[in-house]
Student: 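Quick one: the structure is below, questions incoming.
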Amino acid sequence: MPPITRFEELRAWQESRKLHQEIVKLCATPPFKREWRLVAQMLAASRSVGANIAEGFERYTPGEFALKLYIAKGEAGELRSYIRFALDEGRLDSACHDAVVARAESVGRLIGALRVAVAKRRASK
């Protein structure tokens, strides 16, 4: 397998983009339209997941990449928290909540696996 040379090739980044697209669609639905603060926070957190993966990758050092992956994983957790709040507030049904949380958890697992790979690379140098 050839080495990855662009962050766009990272599966974690690709899936974070899909997660963001799902959040954009969700935030455009009527239960969210009037909740501009919640929408802004959800959109910012979902953008930040992929942006931190990209920024860390582009910094070219395993240490900085690892740090940005920690931040990206935290943003995915923050987003899950907002989704749970939206469920509690009646803005989501449980099926929609479960689907979005499942995608966010999947992205978090991918980031976690990438963190492990980066840590192994750091340890070998």
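Hydrogens, waters and symmetry mates play no part in the numbers below; they use all other heavy atoms, side chains included.
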Student: Looking at E64 and T61, would you say the former's side chain and the latter's main chain have a donor-acceptor pair under 3.5 Å?
Tutor: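 Pair absent, no side-chain N/O of E64 close to backbone of T61.
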Student: What's the separation between atom CZ in R103 and atom CG in D98, rounded to the nearest 0.5 Å?
Tutor: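 If I round to the nearest 0.5 Å, the distance is 14.0 Å.
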Student: Heavy atoms only: give me the nearest R121-P62 pair and the separation to one decimal.
Tutor: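 Residues R121 and P62, closest heavy atoms: NH1-CG, 4.3 Å.
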Student: Tell me the closest heavy-atom pair linking K68 and R59, and the distance in Å.
Tutor: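 The answer is CE-NE, 4.2 Å.
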Student: Does the pair E22/K25 count as a salt bridge with the N-to-O cut at 4.0 Å?
Tutor: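 Salt bridge between E22 and K25, a charged N being under 4.0 Å from a carboxylate O: no.
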Student: What residues, two or more places apart in sequence or in another chain, satisfy side chain to side chain contact (heavy atoms under 4.5 Å, CB included) together with A45?
Tutor: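 Scan of A45 (side chain to side chain contact (heavy atoms under 4.5 Å, CB included), adjacent residues dropped) gives E75, E78, L79, Y82.
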Student: Going only through I, L, V, M, F, W and Y residues with side-chain contacts under 4.5 Å, is there a path from L69 to L10?
Tutor: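 In one cluster: yes.
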Student: Taking all atoms of both residues into account, what is the closest heavy-atom pair of A72 and I53, and its distance?
Tutor: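 Taking every non-hydrogen atom into account, CB-CG1, 3.9 Å.
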Student: More than 12 heavy atoms of other residues, nucleotides or ligands under 6.0 Å from OH of Y70: yes or no?
Tutor: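 Count not over threshold, so no.
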Student: Without hydrogens or angle criteria, can the side chains of S48 and N52 be said to hold a donor-acceptor pair below 3.5 Å?
Tutor: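 The answer is yes; a qualifying pair exists.
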Student: For the atom pair CE (M42) and CG (L26), what is the distance rounded to the nearest 0.5 Å?
Tutor: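 Output value for this atom pair is 5.0 Å.
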Student: Same cluster or not: are L43 and V100 linked, directly or through other Ile, Leu, Val, Met, Phe, Trp or Tyr residues, by side-chain heavy atoms under 4.5 angstrom apart?
Tutor: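 Both belong to a single hydrophobic cluster.
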Student: Going only through I, L, V, M, F, W and Y residues with side-chain contacts under 4.5 Å, is there a path from F7 to L19?
Tutor: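 Yes, one cluster joins them.
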Student: Where do V101 and I83 come nearest, in terms of heavy atoms and distance?
Tutor: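 The answer is CG2-CG2, 3.7 Å.
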Student: Report the distance from atom CZ of R91 to atom CZ of R34, rounding to the nearest 0.5 Å.
Tutor: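 The distance works out to 10.5 Å.
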Student: Going through the checks in order, is the side chain to side chain contact (heavy atoms under 4.5 Å, CB included) test met by E55 and I71?
Tutor: CA-CA 11 Å; E55 182 180 355; I71 294 168; over 6 Å; no
Student: Is there a chain of hydrophobic side chains (I, L, V, M, F, W, Y, each step under 4.5 Å between heavy atoms) that links L38 to V24?
Tutor: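 Linked within one cluster.
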Student: Check each of H20, Q41, R17 against S46 using the side-chain hydrogen bond (donor to acceptor under 3.5 Å, both in side chains) test, and report the only one that passes.
Tutor: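 Per the side-chain hydrogen bond (donor to acceptor under 3.5 Å, both in side chains) rule, the option paired with S46 is H20, out of H20, Q41, R17.
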Student: Shortest non-hydrogen contact from S16 to G50?
Tutor: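 What the structure gives for the nearest pair is OG-CA, 3.2 Å.
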Student: Count I, L, V, M, F, W, Y as connected when their side-chain heavy atoms are under 4.5 Å apart, and connections chain through other members. Are V116 and I111 then in the same cluster?
Tutor: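 Not linked; separate clusters.
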Student: Search all heavy atoms of F65 against all heavy atoms of L114 and return the closest pair with its distance.
Tutor: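 Taking every non-hydrogen atom into account, CZ-CD2, 3.9 Å.
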